[in-house]
> 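The structure follows.
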Amino acid sequence: MKPVSKRLTTQSVQIGVGHDDQTGGISFPIYPSATYRHPGVGQSTGYDYTRSGNPTREVLEDALAKLEGGARGLVFSSGMAALTTLLLHFSSGDHLLVSEDLYGGTYRLLEQVFTKFDVRASYVDTTSTTAVEAALLPQTKALMIETPGNPLLGISDISALAEICKSARILFIVDNTFLTPVLQRPLELGADVVVHSATKYLGGHSDLCAGVLVSKDIELGEQLYFLQNSTGAVLPPQDCWLLIRSLKTLPLRMERHSASALQIATWLQNHSAVERVYYPGLPEHFGHALFQQQAEGFGGMLSFRVRSPHLAVQLLDRLRLISFAESLGGVETLITLPAVQTHSDIPAADLKRLGICNSLLRLSVGLEEPEDIIADLNQALA
Ligand SMILES: *Cc1c(COP(=O)(O)O)cnc(C)c1O
């Protein structure tokens, strides 16, 4: 496994440093101003109205574009706001192919909101390139994947799918929430747009709700900026500042999340109450070899299936250090029951087919000492 890029670590730490010419402030300031005084008629300081542009947001958006290796970054009030804005790029009659192992909220947005505007989606196993090719329709305008998938951590081949999208002349979108640009940079592997729920690892402290889009080329970036400004779900400047502050430790956090998750996944695998562990870092994991070609660390997310739904409930009940809560990517370890929580909007038959049952738990491994996390799991599984 390649180590986390040192250059990215420096880039992250230096976000905003040297950008405040007026005071030399090391921390770039928050500009709460909603509007800006024009120097004269037909003149602008570069900022007119904060929905259209804000200096704090600009520092953040530029930093995210750079981290992902894209041309344009845009930040939104949540991951869903970022996805909604991106989906508004499509028109009535368009069709999207989407990973079936995906965030439940994305499924709900597509099925219960965008179907009203006749933007349709179908769900495929994107870990199979042949399944993706077979599912393409004449009206398909985009492929949208999550890799690793959620909650089963399936691995899709980003480069191979990029080739398929290129020949089909459709947009290739990757939700990079689980790995962040520190561990995986889809734009460099041929994706056109990267999506993030920055509420997760980018924010990293369970205290912020934000979303991100980064486009590979500037043209698409301008089209998405038009939609961001026209629909208005921008991230407020205070939250932009908080996200800048969070990004400074992102590479360090991802390195530790990955190391701890591997340790815990290995421990879970050897526990008699655990039937199966889903973690890309385990050699048995489907896609383990592919993962190592396209990513630089295994990340902090793992799922595991215990012997019975009853045992899953007992575990959640007994945990003391680990919090039973939705969301992921924070410094604190969180555990959830996807079938009942994050994925409750996906039809029961689909959950069953995918193997998302009431015995499947998803763990977001935090930055506590891994021994303490293991001790908590151990006493709760006893
Ligand atoms: C949480 C999440 C989202 C939605 O983001 P919010 O910030 O909660 O709106 C989208 N995709 C993935 C993979 C997520 O985990």
Side-chain angles (χ1 to χ4, degrees), residues 60 64 68 73-88 96 98-114 121 123 126 142-156 158 173-181 183-184 186 191 193-214 228 231 233-236 239-240 242-243 246-247 254 257 261 278 280 295 299-303 325-330 332 334-339 341-346 354 356 362-366:
L60 173 62
L64 286 162
E68 285 285 5
L74 299 161
V75 290
F76 298 86
S77 51
S78 70
M80 293 324 297
L83 276 162
T84 300
T85 307
L86 176 61
L87 291 174
L88 289 169
L96 283 85
V98 183
S99 290
E100 60 182 6
D101 182 13
L102 91 160
Y103 179 66
T106 308
Y107 178 85
R108 180 177 57 199
L109 177 66
L110 284 161
E111 290 306 302
Q112 294 183 36
V113 181
F114 275 89
Y123 304 87
T126 52
L143 169 67
M144 181 157 79
I145 69 164
E146 287 181 27
T147 184
N150 181 0
L152 299 173
L153 291 308
I155 308 303
S156 302
I158 299 177
I173 302 160
V174 178
D175 185 327
N176 205 24
T177 298
F178 271 30
L179 292 181
T180 84
L183 303 182
Q184 177 173 273
V193 187
V194 160
V195 186
H196 278 280
S197 166
T199 313
K200 316 296 168 53
Y201 287 105
L202 300 185
H205 295 72
S206 314
D207 56 8
L208 173 68
C209 189
V212 176
L213 295 178
V214 178
Q228 182 198 39
T231 58
V234 292
L235 190 66
D239 286 347
C240 289
L242 192 56
L243 188 48
S246 296
L247 287 175
M254 293 315 292
H257 281 299
Y278 300 84
M301 295 303 299
L302 65 89
S303 294
E326 286 176 50
S327 199
L328 59 108
E332 311 85 358
L334 303 181
I335 195 165
T336 184
L337 200 56
Q341 309 236 270
T342 51
H343 289 63
S344 58
D345 282 298
I346 295 178
L354 294 169
I356 305 172
R362 191 191 72 187
L363 191 68
S364 169
V365 176

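In what follows, every heavy atom counts, from backbone to side chain, and hydrogens, waters and symmetry copies are set aside. Ligands are counted one by one from 1 in listed order, and the atoms in each one are counted from 1 as well. For reference, positions follow the sequence shown, starting with 1. Treat the numbers as computed from the prediction; the structure is a model and nothing was measured.
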> In the protein, what heavy atom is nearest to atom 7 (O) of ligand 1, and what distance, to one decimal place, separates them?
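The protein heavy atom lying closest is T199 OG1, 2.6 Å.
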> N/O to N/O below 3.5 Å, does that happen between S197 and ligand 1?
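Such a contact does occur with ligand 1.
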> L363 and side-chain contact (heavy atoms from CB on, under 4.5 Å): which single residue from I335, T336, L334 fits?
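The side-chain contact (heavy atoms from CB on, under 4.5 Å) with L363 is passed solely by I335 among I335, T336, L334.
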> Among all protein heavy atoms in this structure, tell me which lies nearest to atom 12 (C) of ligand 1, with the distance rounded to 0.1 Å.
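So the nearest neighbour among protein heavy atoms is D175 OD2, 3.5 Å.
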> Should you measure from each heavy atom of S78, which atoms of ligand 1 turn up under 4.0 Å away?
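Listed by number with element, the hits are 7 (O), 9 (O).
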> List the atom of V234, the atom of S77, and the distance in Å for their closest heavy-atom pair.
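Where V234 meets S77 most closely, the heavy atoms are O-CB, 3.8 Å.
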> If you measure every N or O of G79 against every N or O of ligand 1, does any of those distances drop under 3.5 Å?
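Yes, at least one N or O pair falls under 3.5 Å.
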> Just need the protein heavy atom nearest to atom 9 (O) of ligand 1, so name the residue and atom and give the distance.
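Ranking protein heavy atoms by distance from atom 9 (O) of ligand 1, first comes M80 N, 2.9 Å.
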> How close does the nearest protein non-hydrogen atom get to atom 1 (C) of ligand 1, and which residue and atom is it?
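That would be K200 NZ, 1.4 Å.
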> Can you classify the ring geometry of Y107 versus Y123 as parallel (below 30°), tilted (30 to 60°) or perpendicular (above 60°)?
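Ring orientation of Y107 relative to Y123: tilted.
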> Please report the shortest heavy-atom distance between D101 and E146, naming the atom on each side.
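Smallest heavy-atom distance, with atoms named: O-OE1, 4.1 Å.
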> Would you please determine whether A210 falls within less than 4.0 Å of ligand 1 on a heavy-atom basis?
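Heavy atoms of A210 do come under 4.0 Å of ligand 1.
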> Tell me every residue that passes side-chain hydrogen bond (donor to acceptor under 3.5 Å, both in side chains) with Y278, counting only those two or more places apart in sequence or in another chain.
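Only R305 meet the side-chain hydrogen bond (donor to acceptor under 3.5 Å, both in side chains) criterion with Y278.
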> Nearest protein heavy atom to atom 10 (C) of ligand 1, by residue and atom, and its distance?
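Nearest protein contact, heavy atoms only, for atom 10 (C) of ligand 1 is Y103 CD2, 3.5 Å.
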> Could you go step by step and tell me if I346 and I356 meet the side chain to side chain contact (heavy atoms under 4.5 Å, CB included) rule?
CA-CA 10 Å; I346 295 178; I356 305 172; 5.8 Å; no
> Give the atoms of ligand 1, by number and element, whose distance to some non-hydrogen atom of T177 is under 4.0 Å.
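Heavy-atom distances to T177 below 4.0 Å select 12 (C), 13 (C), 15 (O).
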> Using side-chain heavy atoms (C-beta onward) and a distance below 4.5 Å, is T147 in contact with T126?
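In short, these two side chains do not touch, never coming nearer than 4.5 Å.
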